[in-house]
**Q** 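Can you keep this structure in mind? I'll have questions shortly.
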Number of protein chains: 2
Amino acid sequence: MRKAQTLAEAAESPTSTRDRILDAAARIFRDKGYADSTMNDLASALNMKAASIYYHFKSKDEIVEQVLNEGTARVFRSVKCAIAQLPDDVNAKVKIGVAIREHLHVLHSDSDYTAANVRIFPEAPTDVVKRHMFERRLYSKFWVELIELGKKAGEIDQSVDAEMAHMFIVGAMNWSTQWYSPKIHNIEDMSDAVDSLVSKGLFTSGP
Amino acid sequence: MRKAQTLAEAAESPTSTRDRILDAAARIFRDKGYADSTMNDLASALNMKAASIYYHFKSKDEIVEQVLNEGTARVFRSVKCAIAQLPDDVNAKVKIGVAIREHLHVLHSDSDYTAANVRIFPEAPTDVVKRHMFERRLYSKFWVELIELGKKAGEIDQSVDAEMAHMFIVGAMNWSTQWYSPKIHNIEDMSDAVDSLVSKGLFTSGP
DNA sequence: GTCTATACTTCGATAGAC
DNA sequence: GTCTATCGAAGTATAGAC
(Lines give C-alpha, C1' and ligand atoms only; values in the text may rest on other atoms or scores of the structure.)
Protein backbone atom coordinates (compact mmCIF):
# COMPACT_ATOMS: atom_id res chain seq x y z
CA MET A 1 0.00 0.00 0.00
CA ARG A 2 2.56 2.57 1.11
CA LYS A 3 0.10 5.39 1.54
CA ALA A 4 -0.09 7.99 4.29
CA GLN A 5 0.96 6.66 7.68
CA THR A 6 1.17 8.11 11.18
CA LEU A 7 4.52 9.66 12.09
CA ALA A 8 5.20 6.86 14.55
CA GLU A 9 4.65 4.18 11.92
CA ALA A 10 6.77 6.05 9.41
CA ALA A 11 9.57 6.31 11.95
CA GLU A 12 10.00 2.72 13.11
CA SER A 13 8.50 0.54 10.37
CA PRO A 14 8.52 1.81 6.80
CA THR A 15 5.61 -0.44 5.82
CA SER A 16 3.33 -2.70 7.79
CA THR A 17 3.22 -6.40 6.98
CA ARG A 18 -0.33 -5.91 5.77
CA ASP A 19 0.87 -3.35 3.25
CA ARG A 20 3.80 -5.51 2.17
CA ILE A 21 1.35 -8.32 1.43
CA LEU A 22 -0.81 -5.96 -0.62
CA ASP A 23 2.22 -4.68 -2.54
CA ALA A 24 3.24 -8.25 -3.39
CA ALA A 25 -0.33 -9.17 -4.31
CA ALA A 26 -0.63 -6.21 -6.66
CA ARG A 27 2.54 -7.18 -8.50
CA ILE A 28 1.68 -10.88 -8.70
CA PHE A 29 -1.94 -10.27 -9.73
CA ARG A 30 -0.68 -7.92 -12.43
CA ASP A 31 1.66 -10.60 -13.77
CA LYS A 32 -0.43 -13.76 -13.45
CA GLY A 33 -4.03 -12.70 -13.02
CA TYR A 34 -6.23 -13.55 -10.05
CA ALA A 35 -7.01 -17.25 -10.48
CA ASP A 36 -3.42 -18.23 -11.21
CA SER A 37 -2.01 -16.41 -8.20
CA THR A 38 -2.08 -18.65 -5.13
CA MET A 39 -1.76 -17.66 -1.48
CA ASN A 40 1.49 -19.57 -1.61
CA ASP A 41 2.75 -17.36 -4.45
CA LEU A 42 2.10 -14.27 -2.36
CA ALA A 43 3.73 -15.81 0.73
CA SER A 44 6.82 -16.98 -1.18
CA ALA A 45 7.42 -13.51 -2.53
CA LEU A 46 7.57 -12.28 1.06
CA ASN A 47 9.54 -15.22 2.50
CA MET A 48 6.54 -16.32 4.47
CA LYS A 49 4.21 -19.27 4.65
CA ALA A 50 0.71 -19.07 3.19
CA ALA A 51 -0.95 -19.62 6.58
CA SER A 52 0.69 -16.48 7.97
CA ILE A 53 -1.23 -14.28 5.55
CA TYR A 54 -4.46 -15.25 7.29
CA TYR A 55 -3.33 -13.41 10.39
CA HIS A 56 -3.52 -10.18 8.35
CA PHE A 57 -6.42 -10.93 5.99
CA LYS A 58 -9.42 -13.14 6.47
CA SER A 59 -9.50 -14.34 2.85
CA LYS A 60 -8.04 -14.03 -0.64
CA ASP A 61 -11.15 -12.07 -1.59
CA GLU A 62 -10.36 -9.42 1.02
CA ILE A 63 -6.94 -8.97 -0.59
CA VAL A 64 -8.26 -8.67 -4.11
CA GLU A 65 -10.85 -6.13 -3.00
CA GLN A 66 -8.16 -3.93 -1.45
CA VAL A 67 -5.98 -4.20 -4.55
CA LEU A 68 -8.87 -3.32 -6.86
CA ASN A 69 -9.95 -0.29 -4.84
CA GLU A 70 -6.42 0.98 -4.37
CA GLY A 71 -5.77 0.57 -8.10
CA THR A 72 -8.61 2.84 -9.12
CA ALA A 73 -7.96 5.26 -6.26
CA ARG A 74 -4.34 5.73 -7.29
CA VAL A 75 -4.90 6.51 -10.94
CA PHE A 76 -7.82 8.77 -10.03
CA ARG A 77 -5.79 10.65 -7.41
CA SER A 78 -2.84 11.16 -9.77
CA VAL A 79 -4.95 12.33 -12.70
CA LYS A 80 -7.02 14.66 -10.54
CA CYS A 81 -3.88 16.10 -9.00
CA ALA A 82 -2.12 16.62 -12.34
CA ILE A 83 -5.08 18.56 -13.69
CA ALA A 84 -5.50 20.58 -10.50
CA GLN A 85 -1.97 21.90 -10.96
CA LEU A 86 -2.77 23.44 -14.33
CA PRO A 87 -3.54 27.17 -14.61
CA ASP A 88 -7.24 27.95 -14.27
CA ASP A 89 -7.65 29.11 -17.84
CA VAL A 90 -6.43 26.05 -19.78
CA ASN A 91 -9.00 24.56 -22.12
CA ALA A 92 -10.50 21.06 -22.11
CA LYS A 93 -8.14 19.88 -24.85
CA VAL A 94 -5.10 20.50 -22.67
CA LYS A 95 -6.78 18.98 -19.62
CA ILE A 96 -7.67 15.82 -21.48
CA GLY A 97 -4.13 15.62 -22.85
CA VAL A 98 -2.77 15.79 -19.31
CA ALA A 99 -5.26 13.16 -18.12
CA ILE A 100 -4.14 10.83 -20.92
CA ARG A 101 -0.46 11.27 -20.06
CA GLU A 102 -1.03 10.75 -16.35
CA HIS A 103 -3.28 7.72 -16.81
CA LEU A 104 -0.73 5.95 -19.00
CA HIS A 105 2.10 6.89 -16.69
CA VAL A 106 0.42 5.51 -13.57
CA LEU A 107 -0.69 2.38 -15.42
CA HIS A 108 2.73 1.49 -16.78
CA SER A 109 5.37 2.91 -14.52
CA ASP A 110 3.86 4.01 -11.27
CA SER A 111 1.37 1.59 -9.83
CA ASP A 112 1.19 -2.19 -9.82
CA TYR A 113 -2.20 -1.68 -8.19
CA THR A 114 -3.65 0.10 -11.22
CA ALA A 115 -2.17 -2.39 -13.68
CA ALA A 116 -3.45 -5.27 -11.53
CA ASN A 117 -6.86 -3.62 -11.36
CA VAL A 118 -7.12 -3.56 -15.14
CA ARG A 119 -6.08 -7.19 -15.44
CA ILE A 120 -8.05 -8.85 -12.63
CA PHE A 121 -11.25 -6.85 -12.79
CA PRO A 122 -13.02 -9.33 -15.10
CA GLU A 123 -12.16 -12.37 -12.96
CA ALA A 124 -12.75 -10.89 -9.51
CA PRO A 125 -15.59 -12.40 -7.40
CA THR A 126 -19.01 -10.91 -8.15
CA ASP A 127 -19.66 -9.32 -4.78
CA VAL A 128 -16.20 -7.76 -4.72
CA VAL A 129 -16.76 -6.26 -8.17
CA LYS A 130 -20.16 -4.98 -7.08
CA ARG A 131 -18.67 -2.97 -4.21
CA HIS A 132 -15.68 -1.87 -6.30
CA MET A 133 -17.93 -0.32 -8.94
CA PHE A 134 -18.43 2.64 -6.59
CA GLU A 135 -14.77 3.64 -7.07
CA ARG A 136 -14.88 3.04 -10.81
CA ARG A 137 -17.94 5.20 -11.25
CA LEU A 138 -16.23 8.12 -9.53
CA TYR A 139 -13.29 7.91 -11.93
CA SER A 140 -15.58 7.55 -14.95
CA LYS A 141 -17.59 10.57 -13.82
CA PHE A 142 -14.41 12.61 -13.77
CA TRP A 143 -13.61 11.75 -17.39
CA VAL A 144 -17.15 12.33 -18.57
CA GLU A 145 -17.14 15.76 -16.94
CA LEU A 146 -13.88 16.64 -18.69
CA ILE A 147 -15.52 15.87 -22.02
CA GLU A 148 -18.71 17.72 -21.10
CA LEU A 149 -16.54 20.70 -20.24
CA GLY A 150 -15.18 20.65 -23.77
CA LYS A 151 -18.70 20.44 -25.18
CA LYS A 152 -19.85 23.45 -23.17
CA ALA A 153 -16.84 25.45 -24.33
CA GLY A 154 -17.58 24.57 -27.94
CA GLU A 155 -14.28 22.70 -28.31
CA ILE A 156 -16.08 19.39 -28.75
CA ASP A 157 -19.09 18.83 -30.98
CA GLN A 158 -22.48 18.56 -29.25
CA SER A 159 -23.17 15.26 -31.01
CA VAL A 160 -20.37 13.50 -29.09
CA ASP A 161 -21.65 10.99 -26.53
CA ALA A 162 -19.37 11.75 -23.56
CA GLU A 163 -20.05 8.42 -21.83
CA MET A 164 -19.09 6.40 -24.87
CA ALA A 165 -16.17 8.59 -25.85
CA HIS A 166 -14.59 8.26 -22.39
CA MET A 167 -15.02 4.47 -22.49
CA PHE A 168 -13.24 4.24 -25.83
CA ILE A 169 -10.41 6.53 -24.74
CA VAL A 170 -9.79 4.91 -21.34
CA GLY A 171 -10.34 1.48 -22.90
CA ALA A 172 -7.73 2.09 -25.59
CA MET A 173 -5.24 2.99 -22.87
CA ASN A 174 -6.13 0.13 -20.51
CA TRP A 175 -5.88 -2.36 -23.37
CA SER A 176 -2.23 -1.33 -23.74
CA THR A 177 -1.49 -3.48 -20.67
CA GLN A 178 -1.84 -6.38 -23.10
CA TRP A 179 0.83 -5.23 -25.55
CA TYR A 180 3.02 -2.56 -23.97
CA SER A 181 6.61 -3.64 -23.48
CA PRO A 182 9.10 -1.19 -21.95
CA LYS A 183 11.80 -2.70 -24.17
CA ILE A 184 9.94 -1.82 -27.37
CA HIS A 185 7.70 1.13 -26.55
CA ASN A 186 7.91 4.19 -24.37
CA ILE A 187 5.20 5.96 -22.47
CA GLU A 188 5.84 9.36 -24.02
CA ASP A 189 5.27 8.03 -27.54
CA MET A 190 2.14 6.21 -26.42
CA SER A 191 0.79 9.35 -24.79
CA ASP A 192 1.48 11.37 -27.91
CA ALA A 193 -0.26 8.77 -30.06
CA VAL A 194 -3.42 8.71 -27.93
CA ASP A 195 -3.44 12.49 -27.50
CA SER A 196 -3.13 12.97 -31.25
CA LEU A 197 -5.87 10.42 -31.96
CA VAL A 198 -8.21 12.14 -29.52
CA SER A 199 -7.28 15.64 -30.65
CA LYS A 200 -7.48 15.30 -34.38
CA GLY A 201 -8.01 11.67 -35.31
CA LEU A 202 -5.90 9.65 -37.67
CA PHE A 203 -6.83 11.40 -40.88
CA THR A 204 -5.66 14.76 -42.16
CA SER A 205 -8.71 16.88 -42.84
CA GLY A 206 -6.72 19.57 -44.68
CA PRO A 207 -6.14 19.94 -48.43
CA MET B 1 -17.87 -24.28 -34.62
CA ARG B 2 -20.49 -24.45 -37.36
CA LYS B 3 -18.09 -23.81 -40.18
CA ALA B 4 -17.95 -25.39 -43.60
CA GLN B 5 -18.90 -29.07 -43.58
CA THR B 6 -19.07 -31.77 -46.19
CA LEU B 7 -22.42 -32.15 -47.91
CA ALA B 8 -23.01 -35.45 -46.16
CA GLU B 9 -22.45 -33.96 -42.73
CA ALA B 10 -24.68 -31.01 -43.52
CA ALA B 11 -27.43 -33.33 -44.61
CA GLU B 12 -27.76 -35.73 -41.71
CA SER B 13 -26.28 -33.93 -38.70
CA PRO B 14 -26.39 -30.15 -38.58
CA THR B 15 -23.47 -29.99 -36.13
CA SER B 16 -21.10 -32.58 -34.76
CA THR B 17 -20.91 -33.14 -31.02
CA ARG B 18 -17.40 -31.76 -31.11
CA ASP B 19 -18.71 -28.52 -32.60
CA ARG B 20 -21.59 -28.34 -30.13
CA ILE B 21 -19.06 -28.58 -27.30
CA LEU B 22 -17.01 -25.78 -28.83
CA ASP B 23 -20.10 -23.61 -29.28
CA ALA B 24 -21.05 -24.09 -25.64
CA ALA B 25 -17.47 -23.48 -24.52
CA ALA B 26 -17.28 -20.21 -26.47
CA ARG B 27 -20.46 -18.91 -24.85
CA ILE B 28 -19.51 -20.00 -21.34
CA PHE B 29 -15.92 -18.74 -21.61
CA ARG B 30 -17.26 -15.41 -22.83
CA ASP B 31 -19.57 -15.16 -19.81
CA LYS B 32 -17.42 -16.52 -17.00
CA GLY B 33 -13.82 -16.46 -18.20
CA TYR B 34 -11.56 -19.49 -18.49
CA ALA B 35 -10.68 -20.39 -14.89
CA ASP B 36 -14.26 -20.13 -13.65
CA SER B 37 -15.67 -22.34 -16.42
CA THR B 38 -15.50 -25.99 -15.42
CA MET B 39 -15.77 -29.05 -17.61
CA ASN B 40 -18.97 -29.70 -15.69
CA ASP B 41 -20.34 -26.30 -16.74
CA LEU B 42 -19.73 -27.15 -20.38
CA ALA B 43 -21.26 -30.62 -20.00
CA SER B 44 -24.36 -29.33 -18.17
CA ALA B 45 -25.08 -26.85 -20.94
CA LEU B 46 -25.19 -29.80 -23.34
CA ASN B 47 -27.05 -32.22 -21.06
CA MET B 48 -24.00 -34.37 -20.81
CA LYS B 49 -21.58 -35.51 -18.11
CA ALA B 50 -18.11 -33.98 -17.89
CA ALA B 51 -16.39 -37.30 -18.60
CA SER B 52 -18.09 -37.54 -21.99
CA ILE B 53 -16.27 -34.47 -23.23
CA TYR B 54 -12.98 -36.36 -22.99
CA TYR B 55 -14.11 -38.63 -25.78
CA HIS B 56 -14.04 -35.58 -28.11
CA PHE B 57 -11.16 -33.57 -26.62
CA LYS B 58 -8.10 -34.72 -24.77
CA SER B 59 -8.05 -31.75 -22.36
CA LYS B 60 -9.58 -28.43 -21.39
CA ASP B 61 -6.54 -26.77 -22.95
CA GLU B 62 -7.34 -28.29 -26.32
CA ILE B 63 -10.80 -26.72 -26.14
CA VAL B 64 -9.54 -23.29 -25.19
CA GLU B 65 -7.01 -23.37 -28.01
CA GLN B 66 -9.72 -24.10 -30.55
CA VAL B 67 -11.94 -21.35 -29.17
CA LEU B 68 -9.12 -18.82 -29.24
CA ASN B 69 -8.08 -19.63 -32.79
CA GLU B 70 -11.62 -19.69 -34.08
CA GLY B 71 -12.33 -16.36 -32.38
CA THR B 72 -9.55 -14.56 -34.21
CA ALA B 73 -10.22 -16.39 -37.46
CA ARG B 74 -13.87 -15.35 -37.48
CA VAL B 75 -13.39 -11.65 -36.93
CA PHE B 76 -10.53 -11.63 -39.43
CA ARG B 77 -12.54 -13.47 -42.06
CA SER B 78 -15.55 -11.16 -41.66
CA VAL B 79 -13.54 -7.96 -41.76
CA LYS B 80 -11.49 -9.10 -44.74
CA CYS B 81 -14.63 -10.14 -46.58
CA ALA B 82 -16.46 -6.87 -45.87
CA ILE B 83 -13.57 -4.86 -47.25
CA ALA B 84 -13.17 -7.12 -50.26
CA GLN B 85 -16.74 -6.32 -51.26
CA LEU B 86 -16.04 -2.60 -51.54
CA PRO B 87 -15.37 -1.03 -54.95
CA ASP B 88 -11.70 -0.96 -55.88
CA ASP B 89 -11.38 2.81 -55.70
CA VAL B 90 -12.54 3.51 -52.15
CA ASN B 91 -9.97 5.25 -49.97
CA ALA B 92 -8.38 4.05 -46.71
CA LYS B 93 -10.76 6.13 -44.62
CA VAL B 94 -13.77 4.24 -45.92
CA LYS B 95 -12.00 0.90 -45.60
CA ILE B 96 -11.07 1.54 -41.98
CA GLY B 97 -14.62 2.66 -41.25
CA VAL B 98 -15.92 -0.63 -42.64
CA ALA B 99 -13.34 -2.58 -40.65
CA ILE B 100 -14.45 -0.82 -37.45
CA ARG B 101 -18.10 -1.55 -38.11
CA GLU B 102 -17.47 -5.20 -38.93
CA HIS B 103 -15.15 -5.80 -35.98
CA LEU B 104 -17.70 -4.42 -33.49
CA HIS B 105 -20.50 -6.32 -35.15
CA VAL B 106 -18.73 -9.68 -34.98
CA LEU B 107 -17.58 -9.03 -31.42
CA HIS B 108 -21.00 -8.15 -30.05
CA SER B 109 -23.63 -9.83 -32.13
CA ASP B 110 -22.10 -12.44 -34.33
CA SER B 111 -19.52 -14.58 -32.62
CA ASP B 112 -19.24 -15.90 -29.08
CA TYR B 113 -15.83 -17.16 -30.20
CA THR B 114 -14.49 -13.67 -30.82
CA ALA B 115 -15.94 -12.27 -27.59
CA ALA B 116 -14.56 -15.27 -25.68
CA ASN B 117 -11.19 -14.76 -27.34
CA VAL B 118 -10.99 -11.19 -26.07
CA ARG B 119 -11.95 -12.22 -22.55
CA ILE B 120 -9.89 -15.38 -22.02
CA PHE B 121 -6.73 -14.46 -23.90
CA PRO B 122 -4.95 -13.12 -20.79
CA GLU B 123 -5.70 -16.22 -18.69
CA ALA B 124 -5.08 -18.90 -21.30
CA PRO B 125 -2.18 -21.35 -20.69
CA THR B 126 1.19 -20.03 -21.87
CA ASP B 127 1.85 -22.61 -24.56
CA VAL B 128 -1.64 -22.21 -25.97
CA VAL B 129 -1.17 -18.43 -26.17
CA LYS B 130 2.21 -18.91 -27.81
CA ARG B 131 0.72 -20.93 -30.67
CA HIS B 132 -2.32 -18.66 -30.91
CA MET B 133 -0.15 -15.59 -31.48
CA PHE B 134 0.30 -16.72 -35.07
CA GLU B 135 -3.39 -16.02 -35.77
CA ARG B 136 -3.34 -12.74 -33.91
CA ARG B 137 -0.33 -11.48 -35.83
CA LEU B 138 -2.10 -12.11 -39.13
CA TYR B 139 -5.06 -10.02 -38.04
CA SER B 140 -2.81 -7.27 -36.68
CA LYS B 141 -0.87 -7.21 -39.92
CA PHE B 142 -4.10 -6.61 -41.82
CA TRP B 143 -4.95 -3.55 -39.72
CA VAL B 144 -1.43 -2.16 -39.92
CA GLU B 145 -1.51 -2.49 -43.70
CA LEU B 146 -4.82 -0.61 -43.85
CA ILE B 147 -3.22 2.27 -41.99
CA GLU B 148 -0.05 2.14 -44.09
CA LEU B 149 -2.30 2.32 -47.15
CA GLY B 150 -3.72 5.58 -45.83
CA LYS B 151 -0.24 6.92 -45.20
CA LYS B 152 0.88 6.12 -48.74
CA ALA B 153 -2.19 7.82 -50.17
CA GLY B 154 -1.51 10.91 -48.07
CA GLU B 155 -4.75 10.52 -46.14
CA ILE B 156 -2.88 9.80 -42.91
CA ASP B 157 0.09 11.79 -41.66
CA GLN B 158 3.51 10.16 -42.08
CA SER B 159 4.26 10.66 -38.39
CA VAL B 160 1.55 8.18 -37.38
CA ASP B 161 2.93 4.93 -35.94
CA ALA B 162 0.70 2.37 -37.66
CA GLU B 163 1.51 -0.40 -35.16
CA MET B 164 0.53 1.70 -32.18
CA ALA B 165 -2.46 3.31 -33.85
CA HIS B 166 -3.94 -0.06 -34.72
CA MET B 167 -3.44 -1.30 -31.13
CA PHE B 168 -5.27 1.70 -29.73
CA ILE B 169 -8.15 1.40 -32.20
CA VAL B 170 -8.65 -2.35 -31.87
CA GLY B 171 -8.04 -2.09 -28.12
CA ALA B 172 -10.72 0.57 -27.70
CA MET B 173 -13.17 -1.73 -29.47
CA ASN B 174 -12.17 -4.89 -27.63
CA TRP B 175 -12.41 -3.11 -24.29
CA SER B 176 -16.09 -2.50 -25.05
CA THR B 177 -16.72 -6.14 -24.11
CA GLN B 178 -16.34 -4.89 -20.54
CA TRP B 179 -19.06 -2.24 -20.70
CA TYR B 180 -21.31 -2.85 -23.72
CA SER B 181 -24.86 -3.79 -22.84
CA PRO B 182 -27.39 -4.43 -25.61
CA LYS B 183 -30.09 -2.94 -23.37
CA ILE B 184 -28.31 0.39 -23.11
CA HIS B 185 -26.15 0.74 -26.20
CA ASN B 186 -26.38 -0.23 -29.81
CA ILE B 187 -23.67 -1.31 -32.19
CA GLU B 188 -24.43 1.32 -34.81
CA ASP B 189 -23.89 4.16 -32.34
CA MET B 190 -20.70 2.54 -31.10
CA SER B 191 -19.41 2.15 -34.63
CA ASP B 192 -20.21 5.79 -35.40
CA ALA B 193 -18.43 6.93 -32.25
CA VAL B 194 -15.23 4.98 -33.00
CA ASP B 195 -15.30 5.91 -36.68
CA SER B 196 -15.69 9.58 -35.80
CA LEU B 197 -12.90 9.41 -33.23
CA VAL B 198 -10.56 7.78 -35.73
CA SER B 199 -11.60 10.06 -38.59
CA LYS B 200 -11.45 13.46 -36.97
CA GLY B 201 -10.86 13.04 -33.25
CA LEU B 202 -12.96 14.52 -30.49
CA PHE B 203 -12.12 18.15 -31.02
CA THR B 204 -13.43 20.47 -33.69
CA SER B 205 -10.45 21.99 -35.46
CA GLY B 206 -12.47 24.47 -37.47
CA PRO B 207 -13.77 27.92 -36.47
C1' DG C 1 -20.56 -42.27 -27.28
C1' DT C 2 -22.06 -41.63 -22.84
C1' DC C 3 -22.35 -43.17 -18.37
C1' DT C 4 -20.79 -44.07 -13.04
C1' DA C 5 -17.15 -44.17 -10.03
C1' DT C 6 -13.04 -42.62 -8.58
C1' DA C 7 -8.10 -41.43 -8.67
C1' DC C 8 -5.17 -37.44 -8.30
C1' DT C 9 -3.99 -32.73 -7.59
C1' DT C 10 -4.22 -28.17 -6.14
C1' DC C 11 -5.60 -24.71 -3.28
C1' DG C 12 -8.08 -21.89 0.27
C1' DA C 13 -8.57 -21.95 4.91
C1' DT C 14 -8.26 -23.56 9.97
C1' DA C 15 -6.05 -25.58 14.35
C1' DG C 16 -2.85 -25.26 17.46
C1' DA C 17 2.30 -25.23 18.79
C1' DC C 18 5.98 -21.99 19.38
C1' DG D 1 3.11 -13.11 14.21
C1' DT D 2 4.71 -17.01 12.04
C1' DC D 3 5.13 -21.74 11.88
C1' DT D 4 3.75 -27.05 10.83
C1' DA D 5 0.13 -30.01 9.89
C1' DT D 6 -4.06 -30.95 7.98
C1' DC D 7 -8.92 -30.57 6.61
C1' DG D 8 -12.19 -30.11 2.99
C1' DA D 9 -13.74 -28.50 -1.36
C1' DA D 10 -13.21 -28.23 -6.15
C1' DG D 11 -11.94 -29.57 -10.41
C1' DT D 12 -9.23 -32.16 -14.24
C1' DA D 13 -8.76 -36.38 -15.98
C1' DT D 14 -8.95 -41.67 -16.24
C1' DA D 15 -10.98 -46.58 -15.89
C1' DG D 16 -14.17 -49.45 -17.23
C1' DA D 17 -19.29 -50.76 -17.61
C1' DC D 18 -23.09 -50.25 -20.75
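Note on naming: letters A, B, ... go to the chains in the order of the sequence lines (proteins, then strands), and numbering restarts at 1 for each one.
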**Q** Among all residues two or more places apart in sequence or in another chain, which pass the salt bridge (charged side-chain N to carboxylate O under 4.0 Å, His left out) test with B:K152?
**A** none
**Q** Among residues at least two apart in sequence or on other chains, which ones pass side-chain contact (heavy atoms from CB on, under 4.5 Å) with A:A51?
**A** none
**Q** Could you check which residues of residues 35-43 of chain A get a heavy atom under 4.0 Å from DNA chain C? Sort them by number, please.
**A** A:S37, A:T38, A:M39
**Q** From NZ of A:K58 over to C1' of C:dA15, roughly how many Å is that when rounded to an integer?
**A** 19 Å
**Q** Rounded to the Å, how far apart are A:D61 CG and C:dC11 P?
**A** 16 Å
**Q** Residues in side-chain contact (heavy atoms from CB on, under 4.5 Å) with A:E62, at least two apart?
**A** A:R18, A:F57, A:K58, A:S59
**Q** Which residues pass the salt bridge (charged side-chain N to carboxylate O under 4.0 Å, His left out) test with A:D41, not counting sequence neighbours?
**A** A:K32
**Q** Can you name the side-chain hydrogen bond (donor to acceptor under 3.5 Å, both in side chains) partners of A:D110, sequence neighbours left out?
**A** none
**Q** Can you name the residues that form a salt bridge (charged side-chain N to carboxylate O under 4.0 Å, His left out) with B:R137, not counting sequence neighbours?
**A** none
**Q** Using side-chain hydrogen bond (donor to acceptor under 3.5 Å, both in side chains) as the criterion, list what pairs up with A:S176, not counting sequence neighbours.
**A** A:H108
**Q** When you measure from every atom of DNA chain D, which of residues 47-57 of chain B have a heavy atom less than 4.0 Å away?
**A** B:A51, B:Y54
**Q** Who pairs with A:N47 by side-chain contact (heavy atoms from CB on, under 4.5 Å), at least two apart in sequence or on another chain?
**A** none
**Q** Check for me whether the distance between the ring centres of A:H166 and A:F142 falls short of 6.0 Å.
**A** no
**Q** Who pairs with A:P87 by side-chain contact (heavy atoms from CB on, under 4.5 Å), at least two apart in sequence or on another chain?
**A** A:D89, A:V90
**Q** Set out, line by line, the N/O atom pairs under 3.5 Å between protein and nucleotides 16-18 of chain C.
**A**
none

